Amino acid sequence: MTGSASSADYTTLQTLMWPEAGICTERTLYVKTEGPAAVSTSRREIQFAAAGSADFGRWFNAFNAEKWKNECALNDLSLLLTGEGTFELSVTLAPRDRSWDTVINDVVTLDAAEPLRIDLSHLLSDPFPNGLLFFSLKAMGQGMLTDACWQTQMAPQRQPDLAIAVTTFKRETYVQRTIERFRTFREASEIGRKIRMIVTDNGQTLSDLIPADKLPEGVTIVPNANLGGAGGFTRGLLQARDTGASHCLFMDDDASVHMESIERTWIFLAYATDPTTAVAGSMITETHRWAIWENGALFFTRCLPRFMGTDLRSQKDFTKMELAANKPTPWNFYAGWWYFAFPVDCAEHLAFPFFVRGDDVSFSIANHFNTVSLNGVVSFQESFIDKESPQTWYLDLRSHMAHHLSLPSLEVGSMGVLKIAAWFMLRNLPRMHYETLSAINLAIEDVIEGPQFFDQNADMAQRRGDLKELTNDEAWKPIARDQALPPRRDTHPPVWYRHLMKLTLNGLLVPGFNRLGKKITLHASERGHIGYMWGASEITYLNTDQNKYYTVRHSKASAWRELRRFFANAHAFSKKYPELSVQYRLAYNEYTSEPYWRAKLGLTTHAQPHQEAAE
């Protein structure tokens, strides 16, 4: 069962991940120690005294044997341990809906001069069920673990040429940090020469800061017109195609990912038996780095994040999530562009010119990828809680409506599309976000203009100005040091009161409600919880850091103005729906084609970047 072996004939499938300052330092997501065991994240090692233990059955370091077996036909697997000392080694198999099984429990001795290999190939065949694999060590005396990895003797299906496509707009500090992190990673990684980076510079400011002769090897900067994420990522994809990449990884410009995530992605794509396999990175917000915000998502009339709120500190919870994610993804699954790697040749449809928001949804649904997620492959993002604004509601609604008009698989009819718009309205009416209601109406009106509106406003310059102008009450403002705020509401009002307020549309049908209603303060995270808002005629919202606020107030004039406008828009949309449906479906094929985007971006021939990827 155990023995020493050279790694010359083995390929590493997964190495250990460690907490990293600036990315995530929630240690229990990587390793759980007990007793006299000390972790050095700088040296990436654990030192033990007698009875000290380390459990790597955590989300970043579990090995999803079921996914590797199903997607890569894996039939050979071993665990390689490097260190010194004598340990009790336990390897646990966690299957779905069955008791976990300790498949190895043995005393092993690690020798610093020669790693110890544990053959686990038998676990990939009957009678063992599919599941996740974990390992843990308990020291019998002084000892050290300096490395551990999961390896195979199987040959990969392919050697991906992976181009990382990053889009940025005047975020020079973030991009410079990302490029430097990538340079360090590329120089140290065994597969670094097979990965390069394309930075699409929508702000056209990077060339002066980073001249071509100062760029690290393997990095290309491509100046681009500001057509948002849709145009920026499409420019990166076209550059990847033009330079012969087999796969492209869309990634955010601040690169809030562990660089090991890129290695895991590359190796999985190399071994996947299905050539259409793509990898979707999860997303965690910087507010709570232990909780999944989205592990892939579904779209049908609205966006439904998968496994939102899963506590990664809980072994039981993350195991349940990973095993559920092993099942085939539904037809309406989509992957966020904060981290999405896919085969270039399978991208038959490029982005629709949404500028931002929604481009990743239709890209996943319209193209035929076999999309999987991998534990530990995740991007840490700024919280969406404070970013909500009339502009985000505008962008979300118009993309929602365009998806259902453009894609036959999302056909719901005119009333189905209008229900989406009505839901957007009803979410904002009781909370008195009248500027958002105006933005929602503007989105409907722009969709009614037809698909040519998106083509003619691909840079969103006019609409961004319009939306900024209409946003006054719902814009964050600094809180003065001596500023008094209304009392905080921590609980929902009684059920009977909430029902009464619903019947009156939160006081809209009650004369003088602006004087009768309560004045309350809520946290920004509670904006989506309507239950807090019933009976309030004035609401002050605090941002996450509680140093900014905005206040909205009951206004019958504003509410009825936007409601009348909505009903007029709904009538116009219903009347024009048959024509719009045909127009959008025809335009979708055109606006997501390569010729369209090459013309839009001024690429009549292959573009000449500042520096071609040097291999």
Side-chain angles (χ1 to χ4, degrees), residues 1-5 12-18 27-39 44-69 74 76-112 114-125 127-152 312-320 322-323 375-376:
M1 188 68 67
T2 65
S4 60
T12 297
L13 303 179
Q14 182 174 306
T15 59
L16 291 181
M17 285 190 185
W18 299 84
R27 199 169 91 177
T28 55
L29 274 56
Y30 304 82
V31 59
K32 182 179 180 181
T33 58
E34 292 186 356
V39 177
R44 299 193 165 198
E45 67 181 28
I46 302 179
Q47 296 186 20
F48 299 85
S53 66
D55 178 7
F56 287 92
R58 318 309 297 170
W59 186 67
F60 277 100
N61 287 316
F63 183 79
N64 196 327
E66 178 178 15
K67 187 163 292 181
W68 275 92
K69 181 179 178 181
L74 189 70
D76 178 88
L77 179 67
S78 60
L79 173 64
L80 192 71
L81 302 175
T82 304
E84 55 186 41
T86 301
F87 298 87
E88 178 187 21
L89 167 69
S90 296
V91 178
T92 301
L93 173 65
R96 182 183 297 105
D97 299 326
R98 297 179 63 168
S99 295
W100 295 7
D101 191 5
T102 303
V103 292
I104 292 179
N105 202 100
D106 206 348
V107 176
V108 299
T109 299
L110 304 185
D111 184 342
E114 190 170 19
L116 178 69
R117 184 175 303 281
I118 316 297
D119 184 12
L120 302 172
S121 300
H122 62 291
L123 301 179
L124 301 174
S125 59
F128 290 98
N130 294 326
L132 271 62
L133 288 173
F134 316 137
F135 80 92
S136 63
L137 294 169
K138 183 176 181 179
M140 308 302 292
Q142 296 289 327
M144 180 184 299
L145 178 74
T146 57
D147 197 12
C149 57
W150 305 85
Q151 295 188 332
T152 186
L312 298 178
R313 298 169 299 185
S314 166
Q315 191 178 59
K316 178 181 177 181
D317 289 352
F318 83 70
T319 300
K320 181 179 179 180
E322 284 301 317
L323 292 173
N375 60 291

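It should be emphasised that the depicted structure is a prediction, and the values quoted were computed from it without experimental measurement.
A donor-acceptor contact shorter than 3.5 Å links the side chain of Asn375 to the backbone of Ala62. Of the possible donor and acceptor atoms, one in the side chain of Ser125 sits under 3.5 Å from a partner among the backbone N and O of His122.
Lys320 NZ: 12 or fewer foreign heavy atoms inside a 6.0 Å radius. In this structure, Met144 places its CE atom where more than 12 heavy-atom neighbours from other residues, nucleotides or ligands lie under 6.0 Å away.
To the nearest 0.5 Å, atoms CZ (Arg44) and CD1 (Ile46) are separated by 12.5 Å. We find the CG-CH2 distance between Leu93 and Trp100 to be 10.0 Å, quoted to the nearest 0.5 Å. Taking NZ of Lys67 as the reference point, atom CG of Leu132 lies at 8.5 Å (rounded to 0.5 Å). A distance of 8.5 Å separates CG in Leu29 from CZ in Phe318, rounded to the nearest 0.5 Å. Between Leu79 atom CG and Leu133 atom CG the span is 9.0 Å, to the nearest 0.5 Å. Atom CG of Asn64 and atom CG of Leu13 lie 12.0 Å apart (nearest 0.5 Å).
Side-chain contact between Leu110 and Leu145 is present, with at least one heavy-atom pair separated by less than 4.5 Å. Side-chain contact between Leu120 and Ile104: present, with at least one pair of heavy atoms (C-beta onward) separated by less than 4.5 Å. Side-chain contact check for Trp68 versus Phe63: some heavy-atom pair is nearer than 4.5 Å.
Between Pro36 and Ala51, the shortest heavy-atom distance links the atoms CD-C, 4.1 Å. Looking at every heavy atom in both residues, Pro129 comes nearest to Pro95 through CG-CB, 3.7 Å. Between Thr12 and Cys149, the shortest heavy-atom contact is CG2-CB, 3.8 Å.
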Stepwise side-chain contact (heavy atoms from CB on, under 4.5 Å) check, Phe135 with Leu81: CA-CA 10 Å; Phe135 80 92; Leu81 302 175; 3.9 Å; yes

Verdict with supporting geometry, Glu66 and Leu323, side-chain contact (heavy atoms from CB on, under 4.5 Å): CA-CA 8 Å; Glu66 178 178 15; Leu323 292 173; 3.5 Å; yes

side-chain contact (heavy atoms from CB on, under 4.5 Å) evaluation trace for Leu77 with Leu123: CA-CA 8 Å; Leu77 179 67; Leu123 301 179; over 6 Å; no

Please output the side-chain donor-acceptor pairs of residues 54-61 that fall under 3.5 Å, not counting sequence neighbours, one pair per line with the distance.
| unit_1 | atom_1 | unit_2 | atom_2 | d |
| --- | --- | --- | --- | --- |
| Asp55 | OD1 | Gly57 | N | 2.8 |
| Arg58 | NE | Thr28 | O | 2.7 |
| Arg58 | NH2 | Thr28 | O | 3.4 |
| Arg58 | NH2 | Arg313 | O | 2.7 |
| Trp59 | NE1 | Glu322 | OE2 | 2.8 |
| Asn61 | OD1 | Met17 | N | 2.7 |
| Asn61 | ND2 | Met17 | O | 3.0 |
| Asn61 | ND2 | Tyr30 | O | 2.9 |

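Considering only residues two or more places apart in sequence or on other chains, Lys138 meets the side chain to side chain donor-acceptor pair (under 3.5 Å) condition with none of them. Under the rule for a side chain to side chain contact (heavy atoms under 4.5 Å, CB included), the partners of Glu34 that lie at least two apart in sequence or sit in another chain are Lys32, Ser53. In this structure, the side chain to side chain donor-acceptor pair (under 3.5 Å) partners of Thr152, at least two apart in sequence or on a different chain, are Asp76. Residues forming a side chain to side chain donor-acceptor pair (under 3.5 Å) with Glu45 (at least two apart in sequence, or on another chain): Arg43, Gln47.
Classification of the Phe87-Phe48 ring pair by plane angle, with boundaries at 30° and 60°, yields perpendicular.
Screening residues 80-93 for side-chain hydrogen bond (donor to acceptor under 3.5 Å, both in side chains), with sequence neighbours left out, gives Thr86-Thr109, Glu88-Asn105, Ser90-Asn105.
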